[in-house]
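Note sheet for the following structure.
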Amino acid sequence: MKQEMFKDFSIDFPILKNVTYLDNGATSLTPECVVEAMNDYYRKFNANIHRSIHKLGEKATEEYEKSRVKIASFINARPSEIVFTKGTTESLNLLAYSLSKDLKEGDEIVLSKMEHHSNLVPWQQIAKEKNLKLKYFEDDIDDVITDKTKIVSVTHVSNVLGRMNDIKLIAEKAHEKNALVIVDSAQGVPHVKIDVEELDVDFLAFSGHKMLGPTGVGVLYGKYKLLRKMKPFMYGGEMISSVSFENTEWNEVPHKFEAGTPNIAGVIGLGRAIEYLEEIGMDNIEESSKELAKYAYEKLKDIENVEIYSDEDSNSLISFNLKGIHAHDVAAILDKQNIAVRAGHMCAMPLVKEVLKQQSVVRASFYFYNTKEDIDLLVEGIKKVKEIFA
Amino acid sequence: MRDNIDPNWLGEDDIYKENILDHYKNPRNLGEIQDADIKHTGLNPVCGDTIRLFVKLKDGKITEAKFKGQGCAISIASASMLTEKIIGKKLDEVKKLTTEEIKEMLGIELGIVRVKCGLLSLNTLFRGIEIMEEENELLS
C-alpha cells in the first residue's frame, strides 16, 4: 500500500500532532469517532443492558449487541461465540480457570517460548496447583506435543520478535492429539485479517485497546459447542437464567460468561473501532504494518552499535538495543524528542532474559497511521542518544 | 508535528546531566563486601534493573558501602551517589533518608515512572536494613 493513499490521520488521532507515537504494541491511539461513540452512550442512552424495560435500556442493549455482531463478522465467527471481557488477560485467565477444571494430574499444556506473561503465568500457576506438566517449544511444536497434551496455548504474533506463529498448522497438530487450541491474538487481530473458521482454532483472545478501541474491553472467541460445555468463570448477575436459594441455572452463551454489568461504553467503542478498521481495510493495514517494520529494520541495521532482536520480516515492530546503553535511557532520550517507544522486558521476561539474554529491550511498534517519516525521526533520535552517551 | 519539539531538550531540565552520566560511566564504590552486615538485592520489575547493596557497620555507623548491578543511567548513578552519601553516616540517620533527599542528591526531576529507577538503591538499602534488624531480633 502506498503511504500517499492515506489521509492526514492527525485529524482522527489528535495526539499525532504532538508526538511520534511508536508504542502501538502497548496500546494504539483512539480515533475521535470511537471517543464520540462512547460519549453518545453516556450522553444519550446511558442505561443498563438486558434488563431495563425502557427506551434507554433498549437502545443501550441494541448498540451493545450490535458490537457483538460486528466483532463476530470481523473474525468470521457467530455472535454467540463472542464473549466480552476486560482484555486479553482476562480472556486467557477465564480459559485457564474454566478449562483446567477438566484436567488431571500428568496432563500436559504446551506453550511457545515467545509468550507474554498473560499467556504464561495463568497456565504456570494452574499447572503447579493441579500437578500438570507445562512444556515450551521454541521452533517446532512437534518437539513437545504428546498424547498427554490437552491444551496448546500460543501467541499469534510475538510482541517482542514480531514473529507470527503458523496458527493453522499448530491447530492441526494439536487437534491430531485431541488437544484444544488457544490463540493469544493481542498482537494479531489489530494487524491481520482473522478468520477463526479457516484457522480452526478453539479459542482466540484479543484486546480492544490495541486496535483503536478503549482500554478495559476485550474479547474471547470460543467455538459454540465448547463454550456451552464450559463452566462459568465468574458468578453474578446477567450470567444466570434462574436462581433459587439452593441452585442456579446458567444463562445461554455468551451471556453465561458476562457476569455483572459489563463495560457497555467500551464495547460500543470497540464496535466503532472495528468499523474504522474496516473502512481502511485490514489488507491495507497488514501491508502497512509489515512495510513499516521492514523499513525500520533496513534503517536501523546500518546504525553502528544497534543490535536488532526482532525478525527481519517482523509483523509490525522492531526490538533493539544500543550496545552499552540501557533501554530505559534510550527511551527517555527519545521521549525528549517527542518519540514514544517502549523499553523493558515487554512482559515477556522468559523470552527477553532466557532466550535473547537481555535485561531489557527498546521496542518501536507501528500502526497504519505511522509513516516512514516517523521512522526517519526515530533514526535521528537514536543518533542523539549515541551522542549523549558517547 | 515537529514544531512542538522543545529545541532546548538538552537544557537544564534534562535528566542526563553530566554528573549523572559521570556516575553511570564511572560508578563509585562498585564491588562487593564479603563480610557485609547488610546485603540485599533490589529489583525494579518495570525494567528488570537489579541493584545488590553491601554495607559494613561499626558501632552503628556505616564504614563501608558497595554495590553491584545492572540498570539504566538513573538507577546506577543513584546507587553510586547513595553509597558515597551514606559512608560515615549513622545508620539511624540513613534510615530517615527521604525520596526528596534522593531527588536532591540526583539534582534532577523524575516523573512517576522513572522515579522508581532513582529510588531503587534507597529502597534496596531500606529493605536490607529491615532484614538485618529482623535477623538481629531473632538472635537476641
Side-chain angles (χ1 to χ4, degrees), chain A residues 8-10 13-21 26 117 321-322 324-340 342-354 356-363 369-371 373-374 376-377 380-381 384-390, chain B residues 1-27 30 41-52 67-80 106-121:
Chain A
D8 177 6
F9 282 112
S10 69
F13 301 88
I15 289 176
L16 290 175
K17 292 194 176 93
N18 303 313
V19 176
T20 302
Y21 188 77
H117 296 162
N321 267 327
L322 290 174
I325 308 176
H326 191 283
H328 253 192
D329 295 320
V330 176
I333 295 169
L334 289 174
D335 178 56
K336 262 288 181 192
Q337 300 164 76
N338 287 335
I339 301 168
R342 174 84 189 270
H345 48 60
M346 309 294 139
C347 296
M349 269 171 109
L351 173 67
V352 170
K353 294 206 159 179
E354 292 169 36
L356 303 179
K357 310 280 181 209
Q358 295 298 310
Q359 193 190 5
S360 55
V361 299
V362 185
R363 180 186 69 191
Y369 41 66
N370 290 126
T371 60
E373 192 202 2
D374 292 341
D376 294 338
L377 288 169
E380 288 309 306
K384 282 206 171 124
V385 176
K386 288 175 72 177
E387 277 168 33
I388 290 176
F389 276 84
Chain B
M1 181 197 304
R2 315 309 160 211
D3 302 341
N4 293 339
I5 294 176
D6 175 8
N8 300 313
W9 65 279
L10 281 175
E12 271 305 295
D13 67 324
D14 195 78
I15 59 173
Y16 292 94
K17 286 187 174 173
E18 217 154 284
N19 69 321
I20 299 283
L21 289 173
D22 177 43
H23 274 270
Y24 175 62
K25 289 175 187 168
N26 313 293
L30 196 65
T41 305
L43 180 77
N44 179 358
V46 182
C47 50
D49 286 1
T50 52
I51 297 285
R52 184 151 176 79
F67 82 100
K68 282 193 348 183
Q70 282 182 309
C72 65
I74 307 298
S75 59
I76 296 294
S78 167
S80 167
L106 292 166
I108 53 176
E109 276 302 316
L110 292 174
I112 190 165
V113 178
R114 210 68 206 283
V115 78
K116 287 178 190 152
C117 306
L119 290 177
L120 176 60
S121 51

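Letters A, B, ... mirror the listed sequences (proteins, then strands); counts begin at 1.
- Listed here is the closest heavy atom pair of A:D329 and B:I74: OD1-N, 4.2 Å.
- The nearest pair of heavy atoms linking B:Y24 to A:G324 is OH-O, 3.3 Å.
- Heavy atoms only, all atoms of each residue included: A:A390 and B:K25 are closest at O-NZ, 3.1 Å.
- Interatomic distance, CD1 of B:I15 versus NZ of A:K336, reported as 8.0 Å (0.5 Å rounding).
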Give the intermediate values and the outcome of side-chain contact (heavy atoms from CB on, under 4.5 Å) for residues B:D49 and A:H326. CA-CA 10 Å; B:D49 286 1; A:H326 191 283; 2.7 Å; yes
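- A side-chain donor-acceptor contact under 3.5 Å links A:Q359 to the backbone of B:Q70.
- The heavy-atom pair separating A:A332 from B:Y16 by the smallest distance is CB-OH, 3.3 Å.
- Within 6.0 Å of the CD1 atom in A:I15, the count of heavy atoms belonging to other residues, nucleotides or ligands does not exceed 12.
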